[in-house]
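Here's the structure, in structure tokens; my notes come after.
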Protein chains: 2
Amino acid sequence: MAKPRSTSTDIARRAGVSRATVSYVLNGRTDQSISPATRERVLQAARELSYVPNAASRALRAGESRLVLLINSGVPWSTNITDFEDELTRVVAATGRTLMVWRRQGPDDLASTLAHLEPCLAIALNRLSSSEAALLETLQIPLVESDLVAPGSDLPARLQVQHLVEAGHERLAYLTTSEESLQRFATPRTSGFLAACAELALPKPRLAALPGGMDISLAAVTEQLRAWLEEPDPVTAVACFNDFHAAVCLAAAAELGLWVPSDLAVMGLDDDIFAPLTRPALTTIRIDAKAFARHLWDLARHQLGEGPEPEPFLQPSHVVVRASV
Amino acid sequence: MAKPRSTSTDIARRAGVSRATVSYVLNGRTDQSISPATRERVLQAARELSYVPNAASRALRAGESRLVLLINSGVPWSTNITDFEDELTRVVAATGRTLMVWRRQGPDDLASTLAHLEPCLAIALNRLSSSEAALLETLQIPLVESDLVAPGSDLPARLQVQHLVEAGHERLAYLTTSEESLQRFATPRTSGFLAACAELALPKPRLAALPGGMDISLAAVTEQLRAWLEEPDPVTAVACFNDFHAAVCLAAAAELGLWVPSDLAVMGLDDDIFAPLTRPALTTIRIDAKAFARHLWDLARHQLGEGPEPEPFLQPSHVVVRASV
DNA sequence: ACGCCTACCTGACACGTGCCAGTAGATGAC
DNA sequence: GTCATCTACTGGCACGTGTCAGGTAGGCGT
């Protein structure tokens, strides 16, 4: 009952060799010559005692852990974030490391977290405060911020414009969010939308931002839609920051008795799980979140000095045509 | 440059005291008397060197870490899982520990993960394989399985029945899932549904299970609905395993040209983010995921010998009335 | 018999921390 | 003056691992 877990010393004793030999065998070192008989005895003993090396001790001795910390401070759950985390977990594991997801609550929690666990690298999905960045700096933990992908993050919005124009629309509106934690995604998308409109010489596009959270008010969106449609040159299509915004937009259109897409086209972004189920089903942009995860990991490995600097990332994304445009 | 991070030895040297004194001061031990002057000198030195204790070393010395591992293998829980993880993170942090979320990919990954990080407790949202459980046993890591909440997990489905009956329905159907990883939730809900029907002496309820994933076929659900409606005593209301199933159900009803709720009532479960946005807006059950997190943590603390055995958990949940019933 | 080489293995240190046991000096009681 | 008590501190061990320099035994050539 509850005998303490076995250590390499136990194995050594049982196999009748020294601890050093055990370490050499279990770590498969090729520069040390171990006789096959001894090797087998050690492995056998390890199996019998179901030995698992102590993680803390290893990390202490090695001077660094094999843990990667993903700092996710309230990025709203969606199909994409799940895909992203799964893929990142996979590629990190492929290099003999382990990815841990930490849901940051307050801005001051990082210190106590790092007192419990020392990652060899941190990946942040949101911008960290300067004190947090300083802390990582002090601990000499490299940091990769998803910021770095900015080069391609306006692409999805450009695709929205392109698709709407191909469908015959010219007077467009963009519905975005003013939620702080989403600005990292929202800002480049809005610029991409505006830039694409300008490049195609479209009439001046309309813009509106909804407050954050799930408290998006249907009434407010309905009013916004009504305003856009009552202008002299009424909007004929609305591109949205994400599928959730688009779904609210569809609901608002229904409130106003509008037919989508004939009276108004609505386009989402994310291809979220519910996108095929709205009425009409949402035409949207699918972003390859897994490719994004792989790119972020390439950046991380470069930072760890294990790989070349990756090519600039062009967010792979494509239009998913359904019925709302 | 890039001087190695400072250790307690550095602090001791700088403050002109021994390392033991530093340890006593920084750990705020009250059973050791330290003069205020010395204490201040130590704290000052620690601040100047921005000292952060080494996590690995601490864990090694203490014999156990302050990490709690949440094993989440792809639970597609949507909004609720976010609430759950946030609340669990909060309550775990309140006891001076840190919660890490690990997204298990394959059934064999646990060993390599535990080689990198040794939690003082594991919480599993899905059933673990027996080899995984054995591994935790060997490492003497206590395990809390969300299984344990079974007592209350049939409640949400009972609430669905109750609400449908209050709305005047008697001939009910239940749409559930056959996806393996969801059976933990699906099984008690289905039994709850059937039990509630039996207790209220309703006509024999219908049952159907959809295959898992997001590949739920609208056509298949449409066919099922048609079958239920063509029977001699046609179904008048469908309760669903979750909101996603309910949304598919709404779409299928639209395909058949049915009006919801007059021709058919549809009830979801989860109050997912998109529930207010379906047409008609989904009447559903809201489960208090945060309360669930707190209860799980109470169980965990009991297992750690830090608290009393918590009361049996009655899943706090209530009906969110919208338009689909 | 001697030195040398190789194959195989071991003793001992270091990583950074927490804490027990012990010590030097001051204070007080008789 | 002596002994006990208290304050304020320190020396050193232990946690479990990886690794390096060294050690031993046997074989081989001369």
Side-chain angles (χ1 to χ4, degrees), chain A residues 4-43 45-46 49 51-66 96 114-118 120 138-140, chain B residues 3-43 45-46 49-66 96 114-118 120 138-140:
Chain A
R5 55 181 284 194
S6 46
T7 70
S8 67
T9 307
D10 298 327
I11 313 247
R13 190 165 26 235
R14 189 176 187 105
V17 294
S18 77
R19 234 184 30 68
T21 305
V22 171
S23 175
Y24 290 144
V25 170
L26 294 182
N27 292 336
R29 290 198 33 163
T30 52
D31 57 335
Q32 296 282 336
S33 57
I34 309 280
S35 73
T38 306
R39 176 188 311 276
E40 193 42 53
R41 262 204 336 282
V42 170
L43 292 174
L49 298 177
Y51 169 72
V52 180
N54 180 295
S57 173
R58 269 194 159 170
L60 173 58
R61 166 67 224 211
E64 64 153 16
S65 68
R66 304 289 289 173
L114 291 179
H116 297 330
L117 159 144
E118 214 130 306
C120 59
T138 306
L139 295 179
Q140 306 185 10
Chain B
K3 55 180 180 230
R5 54 182 285 195
S6 44
T7 71
S8 67
T9 308
D10 298 329
I11 313 245
R13 192 165 23 234
R14 189 176 187 107
V17 294
S18 78
R19 233 184 29 69
T21 306
V22 171
S23 175
Y24 291 143
V25 170
L26 295 182
N27 293 337
R29 290 199 32 164
T30 52
D31 58 336
Q32 297 283 335
S33 58
I34 309 279
S35 73
T38 305
R39 176 187 311 276
E40 193 41 55
R41 259 200 343 279
V42 169
L43 291 174
L49 297 177
S50 50
Y51 169 72
V52 179
N54 179 295
S57 173
R58 266 193 161 170
L60 173 59
R61 166 65 224 212
E64 64 153 16
S65 68
R66 304 289 289 173
L114 291 180
H116 297 329
L117 160 145
E118 215 131 309
C120 59
T138 305
L139 294 178
Q140 307 184 9

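Given the structure is predicted, the values throughout are model-derived calculations rather than measurements.
A/Ile11 places its CD1 atom 17 Å from the C1' atom of C/dC9, with the value rounded to the nearest Å. Regarding A/His116, its NE2 atom lies at a distance of 17 Å from the C1' atom of C/dG16, rounded to whole Å. In this structure, A/Arg39 places its CZ atom 13 Å from C1' of C/dA7, rounding to the nearest Å.
Residue A/Ser33 is in base contact, counting any heavy-atom pair closer than 4.0 Å across all strands shown.
B/Thr138 is not listed as a side-chain neighbour of A/Arg5, based on a closest heavy-atom distance of 4.5 Å or more.
Side chain of A/Asp10 to main chain of A/Thr7: a donor-acceptor pair is present (N/O by atom type, distance under 3.5 Å, no hydrogens or angles). The backbone N or O of B/Ala56 lies less than 3.5 Å from a partner atom in the side chain of B/Asn54, making a donor-acceptor pair. Between the side chain of B/Arg41 and the backbone N or O of B/Ala15, at least one donor-acceptor pair lies under 3.5 Å. Here the side chain of A/Ser8 pairs no donor or acceptor atom with the backbone of A/Arg19 at under 3.5 angstrom.
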Which letter, B, S or -, goes with each nucleotide of nucleotides 13-20 of chain D from 5' to 3', with contact meaning a protein heavy atom under 4.0 Å? -BBBBBBB

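Sorted pairs that involve residues 51-62 of chain B and meet salt bridge (charged side-chain N to carboxylate O under 4.0 Å, His left out), not counting sequence neighbours, are lacking altogether.
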